[in-house]
Amino acid sequence: MAENSHTVPWWQNGIIYQVYPRSFQDTNGDGIGDLNGILSRLDHFVHLGIDAIWIAPIYPSPMADFGYDVADHCAVDPIFGTLADFDRLVAAAQARGLRIILDFVPNHTSDRHPWFTESRVSRDSTKRDWYIWRDPGPDGGPPNNWLSEFGGPAWTFHPATGQYYYHAYLPQQPDLNWRNVDVRAAMLDVLRFWFERGVAGFRVDAIHHLFEDEQLRDNPSNPDWHDWMSPARRVLRTHTMDQPEVHAAIAEMRKVADAYGDRLMIGEAYLPFDRLMAYYGVDLTGFQLPFNFELIHTPWQPTAVAALVAAYEAALPQGAWPNWVLGNHDRARVASRLGPEQARVAAMLLLTLRGTPTIYQGEELGMENVPIPLDRVQDPWERNVPGFGRDPVRTPMPWTAEPGGGFTSGHPWLPLGADLATANAAAQEVDPRSMLALYRALLRLRRAEPALAIGKFFPVAATEEVFAYERRHGERRLLVVLNMSGERSEICVDEAVILLSTHLDREKEAVSRRLFLRPNEGCVAQL
């Protein structure tokens with residue numbers, strides 16, 4: 001019997017939407033988004049057609065890295081609200097058929113976390129081994145040549161105890177020692193705390209950094225490094241990333257999740273496919289969805305994208321479920337990378353490939369990177385290494401054309417785009433051919449067609465202009481044709497009916513022998 005959308009796990013049949021809470025909706029006028037803001041916009045998610053809301057860190061934090069420096073894993077930062085606000089959000093979301101996914105940050109804490117505060121009291125502290133403390137190297141400097149992702153050495157000296165501590169990111173983000181059984185137990189208890197509050201799953205941050213080489217060997221130099229690359233890439237992260245021990249830790253996290261039923265574990269690991277596949281775990285007991293970021297980096301050409309899809313499908317372990325990501329809070333917006341017209345084609349690709357898609361907030365509005373004046377820069381990476389900042393992709397959601405964009409009644413923490421008057425949700429709401437209308441149409445079609453949600457994938461063609469493939473479920477065959485060029489193109493078909501065009505103007509059009517595509521147009525057709 002053919003599999004149907006009611007017999008697969010919810011996350012295989014669903015769509016995940018990432019909320020960057022600082023920039024989603026402010027309700028108290030401080031210019032920073034909050035939990036009540038997400039609650040107030042739940043209808044936006046329902047009308048869009050998504051299934052789960054992944055919320056970036058909301059935990060108490062000094063905000064050195066905007067929440068990824070956690071000072072208390074089992075509470076909510078007052079900037080975002082309270083635990084009671086969170087509980088209300090979960091209940092209201094569930095009442096609308098939505099799930100809440102949280103960010104889990106296991107690799108490091110804030111340097112103001114009570115664990116680290118105790119750790120640095122003395123070398124004999126009961127929490128000393130909860131972090132990576134080491135003696136200076138022979139020259140009195142850092143123990144080795146490891147570099148921070150955000151620039152500079154990955155070691156900071158603590159004069160009071162005469163040792164260095166390791167941090168893969170900022171000095172304010174000391175790395176936890178996952179070889180310590182007490183650390184593992186404490187962090188697994190964090191998962192339990194939130195699962196018991198109704199969280200549907202976690203996106204696990206920077207999982208490939210969880211362990212470092214126990215012998216502290218130097219990383220080898222990178223022969224391909226150029227000065228336009230991040231300084232952290234001067235060395236190959238051979239001994240600081242993707243260490244073998246990480247997989248046992250992931251299996252422990254998954255075991256905790258499975259004890260609570262149909263919970264989802266997503267892993268953030270920027271790795272090539274041959275290494276990423278290990279994050280599914282032996283017998284698929286690792287992450288259900290190790291994030292696949294390759295669409296972000298692959299050249300936007302039909303042959304390149306077709307080769308990527310084929311390589312990914314071929315690499316998947318038996319029974320593993322694929323996933324696709326086009327953008328997030330760390331990478332340039334799709335419309336800025338590809339242009340506004342191809343961003344529509346990219347949306348169709350994301351939502352018709354086999355696998356669970358993740359949408360970053362604002363992509364459904366076609367948001368573009370917003371230039372940030374020097375005096376408004378917030379991102380520590382940009383301050384440390386100019387040119388690598390992430391602020392332009394983290395700017396507030398433009399809900400209306402009014403001052404503050406309907407995001408805040410105060411002064412937004414980052415500026416809104418100059419195109420606010422036209423590029424806002426309210427304006428797109430009444431435009432039948434807007435990007436918002438396209439996303440809603442794509443998600444409606446995906447919900448209506450098991451072939452798009454859980455069907456099999458079959459490549460059809462990849463030319464200089466067109467990438468085409470079929471999705472099949474039972475007897476149902478749907479053809480997806482994407483013109484990834486600015487030229488008119490066509491593809492041969494026998495008989496077909498167009499179900500959806502990225503131009504939103506060809507529904508039910510009958511096609512015989514040839515399907516013509518306008519420049520920058522994608523179509524889904526029933527064969």
Side-chain angles (χ1 to χ4, degrees), residues 16 18 20 149-150 203 205-209 222-238 241-242 266-280 287 289-316 322-360 362-363 366-369 379 381-382 385 387-394 457 459 462 464 467 469 482 484-485:
I16 298 168
Q18 181 192 357
Y20 192 70
E149 293 293 316
F150 288 161
R203 174 266 195 184
D205 179 67
I207 187 62
H208 51 328
H209 278 291
N222 182 359
D224 298 322
W225 186 84
H226 297 282
D227 56 11
W228 49 263
M229 297 168 66
S230 166
R233 300 297 179 269
R234 286 180 179 271
V235 295
L236 299 173
R237 295 169 294 178
T238 306
M241 198 178 77
D242 192 28
I266 305 167
E268 184 207 26
Y270 285 86
L271 294 170
F273 290 153
D274 60 336
R275 292 159 68 189
L276 182 66
M277 294 305 113
Y279 286 71
Y280 281 102
F287 293 128
L289 300 178
F291 262 153
N292 166 19
F293 297 111
E294 291 302 312
L295 271 180
I296 296 175
H297 311 291
T298 298
W300 193 248
Q301 300 160 352
T303 52
V305 174
L308 165 67
V309 176
Y312 182 52
E313 287 279 356
L316 289 166
N323 72 91
W324 295 95
V325 178
L326 262 179
N328 58 33
H329 63 296
D330 290 332
R331 297 294 184 267
R333 286 199 172 272
V334 179
S336 292
R337 296 201 312 266
L338 307 179
E341 293 177 310
Q342 278 297 313
R344 298 175 75 97
V345 177
M348 182 168 279
L349 175 73
L350 175 70
L351 297 172
T352 59
L353 283 172
R354 189 177 83 97
T356 301
T358 297
I359 301 167
Y360 176 47
E363 301 295 5
M367 284 181 69
E368 299 185 37
N369 294 353
D379 187 3
W381 198 1
E382 177 67 16
V385 188
F388 287 86
R390 301 158 295 178
D391 289 340
V393 306
R394 297 177 173 185
F457 171 90
E464 290 186 4
F467 178 32
Y469 49 91
L482 307 172
M484 300 169 69
S485 77

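Just so you know, residue 1 is the first one in the sequence shown, and it goes up from there. Quick note: numbers below take in every heavy atom, side chains included, and nothing from hydrogens, waters or symmetry partners.
Judged by distance alone, the side chain of Asp391 and the main-chain N or O of Asp379 form a donor-acceptor pair under 3.5 Å. In this structure, the side chain of Asn323 does not engage the main chain of Leu289 through any donor-acceptor pair within 3.5 Å. Of the possible polar contacts, none joining the Arg333 side chain to the Asn369 backbone as a donor-acceptor pair under 3.5 Å is found. Between the side chain of Ser336 and the main chain of Ala332, no donor-acceptor pair closer than 3.5 Å is present.
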Requested in this report: Determine, stepwise, if the pair Glu268 / Asp330 fulfils side chain to side chain contact (heavy atoms under 4.5 Å, CB included).
Outcome: CA-CA 12 Å; Glu268 184 207 26; Asp330 290 332; 4.0 Å; yes
Query raised in the report: Could you walk me through whether Arg337 and Leu326 pass the side chain to side chain contact (heavy atoms under 4.5 Å, CB included) check?
Result: CA-CA 10 Å; Arg337 296 201 312 266; Leu326 262 179; 4.0 Å; yes
Query raised in the report: Hey, mind stepping through Leu295 and Val305 against side chain to side chain contact (heavy atoms under 4.5 Å, CB included) and telling me if it holds?
Result: CA-CA 8 Å; Leu295 271 180; Val305 174; 4.2 Å; yes
Query raised in the report: Checking side chain to side chain contact (heavy atoms under 4.5 Å, CB included) for the pair Asn328/Glu363: CA distance, chi angles, key distance, verdict?
Result: CA-CA 9 Å; Asn328 58 33; Glu363 301 295 5; over 6 Å; no
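What you find for Leu271 and Arg275 is that their closest heavy atoms are CD2-NH2, 3.7 Å. For the residue pair Ala306 and Ala462, the shortest heavy atom distance occurs at CB-CB, 3.6 Å. Minimum interatomic distance between Leu236 and Pro223 (heavy atoms only, all atoms of both residues): CD1-CD, 4.4 Å. The two atoms that bring Phe291 and Arg203 nearest to each other are CE1-CG, 3.9 Å, heavy atoms only. Closest approach of Ala335 to Gly366, counting heavy atoms only: CB-O, 3.7 Å.
Atom CH2 of Trp324 is separated from atom CD1 of Ile296 by 11.5 Å, given to the nearest 0.5 angstrom. The distance from atom OH of Tyr360 to atom NE2 of His329, rounded to the nearest 0.5 Å, is 7.5 Å. With rounding to the nearest 0.5 angstrom, the CD atom of Glu341 is 11.5 Å from the CG atom of Leu338. Once rounded to the nearest 0.5 Å, the distance linking CZ of Arg344 with CG of Leu482 reads 13.5 Å. For the atom pair CG of Leu353 and CE of Met348, the computed distance is 11.5 Å after rounding to the nearest 0.5 Å. Going from atom CD of Glu294 over to atom CG of Leu308 covers 6.5 Å, rounded to the nearest 0.5 Å.
Environment of CD in Glu382: crowded, with over 12 heavy atoms of neighbouring residues, nucleotides or ligands closer than 6.0 Å.
Between Tyr279 and Phe287, the ring-plane angle classifies as parallel under the 30° and 60° cut-offs. Ring geometry for Trp381 against Phe150 counts as tilted: the plane angle lies between 30° and 60°, on a 0 to 90° scale.
A cation-pi geometry, defined here as NZ or CZ lying under 6.0 Å from the six-membered ring centre and within 45° of its normal, does not hold between Arg233 and Trp225.
The shortest side-chain heavy-atom distance between Thr352 and Phe457 does not fall under the 4.5 Å cut-off. Inter-residue side-chain proximity for Thr356 and Pro322 is flagged as unmet; no heavy-atom pair is nearer than 4.5 Å. Within the 4.5 Å cutoff, side-chain heavy atoms of Arg237 are placed close to those of Glu149. You'll find the side chain of Gln301 stays beyond 4.5 Å of the side chain of Met484, heavy atoms only. The side-chain heavy atoms of Glu313 and Arg354, taken from C-beta on, include a pair separated by under 4.5 Å. A heavy-atom distance below 4.5 Å is found between the side chains of His297 and Tyr270. By the 4.5 Å heavy-atom criterion applied to side chains, Val334 and Leu350 are not counted as neighbours. Here the side chains of Pro340 and Glu368 are in contact, with some heavy-atom distance below 4.5 Å.
With sequence neighbours excluded, the residues forming a ring-ring contact (aromatic ring centres under 6.0 Å, His included) with Phe467 are Tyr469, listed by chain and number. Every residue meeting the ring-ring contact (aromatic ring centres under 6.0 Å, His included) condition with His209, not counting sequence neighbours, appears here in chain and number order: Tyr169.
Under the 6.0 Å cut-off for aromatic ring centres, Phe273 and Tyr312 qualify, their centroids lying closer than that.
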